[in-house]
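Owing to the predicted nature of the structure, the values given are computational and were not obtained by experimental measurement.
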Amino acid sequence: MSITPRTVRLLMPVAAALFLGVALAIRTVDDGALRQYSGTALYASMVWAGVLFLWPRMAPVPVGVIAVLFCWMVECAQLTGVPAELSARSLVARLALGVQFDPVDLLWYPIGVIPLAALHRLVAGGVPLTPRGQRQREGSAQGGGASD
């Protein structure tokens, strides 16, 4: 069974919505460390889904790297005070950009992405998809490649 880029594009918004739902559910039952750190990891999971939505043929490691780097950039932007100012005006900005820099968050972003990259590698066989959804394998040219 191969997963086409179209299927990936259909699944990623669903995955992001599930991550958001889990994060919001945790926020309703906890106001401590679980809420903070799970929210950080699940935020990174939503970013991972967004990256894969934009580039559905991308291999798992680059998707994960881009997602973590994006999260780190948003976290470091909090050092400027701009996200805090925007967050004071908008709940959406607060959820998307955060309020203040927390160096511990830098460690939690990969925790939200690494399991997804591993699952992505397992499902995709670690091989990017072609436009028709067929896996690309080295040495499997038409007519003479090694079979699996």
Side-chain angles (χ1 to χ4, degrees), residues 1-27 30 32-84 86-87 92-148:
M1 175 182 104
S2 65
I3 298 175
T4 65
R6 176 183 159 95
T7 303
V8 172
R9 282 225 166 104
L10 291 172
L11 290 175
M12 288 308 102
V14 173
L18 287 172
F19 298 139
L20 178 61
V22 170
L24 293 175
I26 291 170
R27 289 178 70 88
D30 186 81
L34 175 64
R35 175 182 178 169
Q36 179 182 355
Y37 300 130
S38 66
T40 301
L42 289 163
Y43 173 85
S45 298
M46 287 184 281
V47 172
W48 173 86
V51 172
L52 199 52
F53 175 82
L54 292 173
W55 297 290
R57 292 180 189 95
M58 190 176 284
V61 172
V63 171
V65 168
I66 290 169
V68 170
L69 288 176
F70 177 85
C71 292
W72 286 347
M73 285 176 32
V74 169
E75 189 71 29
C76 290
Q78 294 170 357
L79 292 168
T80 68
V82 173
L86 294 171
S87 294
V92 173
R94 181 181 178 97
L95 293 173
L97 302 175
V99 178
Q100 68 184 31
F101 178 79
D102 183 353
V104 175
D105 286 352
L106 298 174
L107 301 174
W108 280 96
Y109 293 128
I111 291 170
V113 170
I114 289 171
L116 296 172
L119 179 63
H120 179 183
R121 185 171 177 84
L122 181 68
V123 169
V127 180
L129 300 173
T130 67
R132 291 174 296 202
Q134 299 170 340
R135 296 172 195 234
Q136 297 174 348
R137 298 231 184 248
E138 290 184 30
S140 62
Q142 293 182 8
S147 62
D148 291 329

Peer 1: Is atom CZ of F70 surrounded by more than 12 heavy atoms (other residues, nucleotides or ligands) closer than 6.0 Å?
Peer 2: no
Peer 1: Of all the heavy-atom pairs spanning A117 and P60, show the shortest one and how long it is.
Peer 2: O-CB, 3.5 Å
Peer 1: Hey, what do you get for CG (L42) to CZ (R27), rounding to the nearest 0.5 Å?
Peer 2: 11.5 Å
Peer 1: Rounded to the nearest 0.5 Å, what separates atom OG1 in T7 from atom CE in M12?
Peer 2: 10.0 Å
Peer 1: Could you pull out the closest heavy-atom pair between P5 and R57, with the gap in Å?
Peer 2: CG-NE, 3.6 Å
Peer 1: Taking all atoms of both residues into account, what is the closest heavy-atom pair of S87 and G98, and its distance?
Peer 2: OG-O, 2.7 Å
Peer 1: What do the steps show when you test L106 against F101 for side chain to side chain contact (heavy atoms under 4.5 Å, CB included), and what is the final call?
Peer 2: CA-CA 9 Å; L106 298 174; F101 178 79; 3.9 Å; yes
Peer 1: Given 3.5 Å as the limit, does a donor-acceptor pair link the side chain of R94 with the main chain of A84, or not?
Peer 2: no
Peer 1: Taking only residues two or more places apart in sequence, or in another chain, which ones meet Q36 in a side-chain hydrogen bond (donor to acceptor under 3.5 Å, both in side chains)?
Peer 2: D102
Peer 1: Take atom CZ in R9; do more than 12 heavy atoms of anything else shown fall under 6.0 Å from it?
Peer 2: yes
Peer 1: Hey, which of V22, L20, I26 is the one that makes side chain to side chain contact (heavy atoms under 4.5 Å, CB included) with L24?
Peer 2: L20
Peer 1: Find the distance between CG (L52) and CG (L116) and round it off to the nearest 0.5 Å.
Peer 2: 9.5 Å
Peer 1: If you compare all heavy atoms of L10 against all heavy atoms of V14, which two are closest, and at what distance to 0.1 Å?
Peer 2: O-CG2, 3.7 Å
Peer 1: At their closest point, which heavy atom of A44 faces which heavy atom of C71, and how far apart are they?
Peer 2: CA-SG, 3.7 Å
Peer 1: Just so I know, are the side chains of P110 and L107 near enough to count as touching, which here means a heavy-atom distance under 4.5 Å?
Peer 2: no
Peer 1: Measure across H120 and M58 and return the closest heavy-atom pair with its distance rounded to 0.1 Å.
Peer 2: CE1-O, 3.4 Å
Peer 1: If you look only at pairs with a residue in residues 105-119, which of them pass as a side-chain hydrogen bond (donor to acceptor under 3.5 Å, both in side chains), with sequence neighbours excluded?
Peer 2: T40-D105, E75-Y109
Peer 1: Under 3.5 Å, is there a donor-acceptor pair between the side chain of W48 and the main chain of V63?
Peer 2: no
Peer 1: Check the pair Y43 / V74 against side chain to side chain contact (heavy atoms under 4.5 Å, CB included), numbers first and verdict last.
Peer 2: CA-CA 11 Å; Y43 173 85; V74 169; 3.8 Å; yes
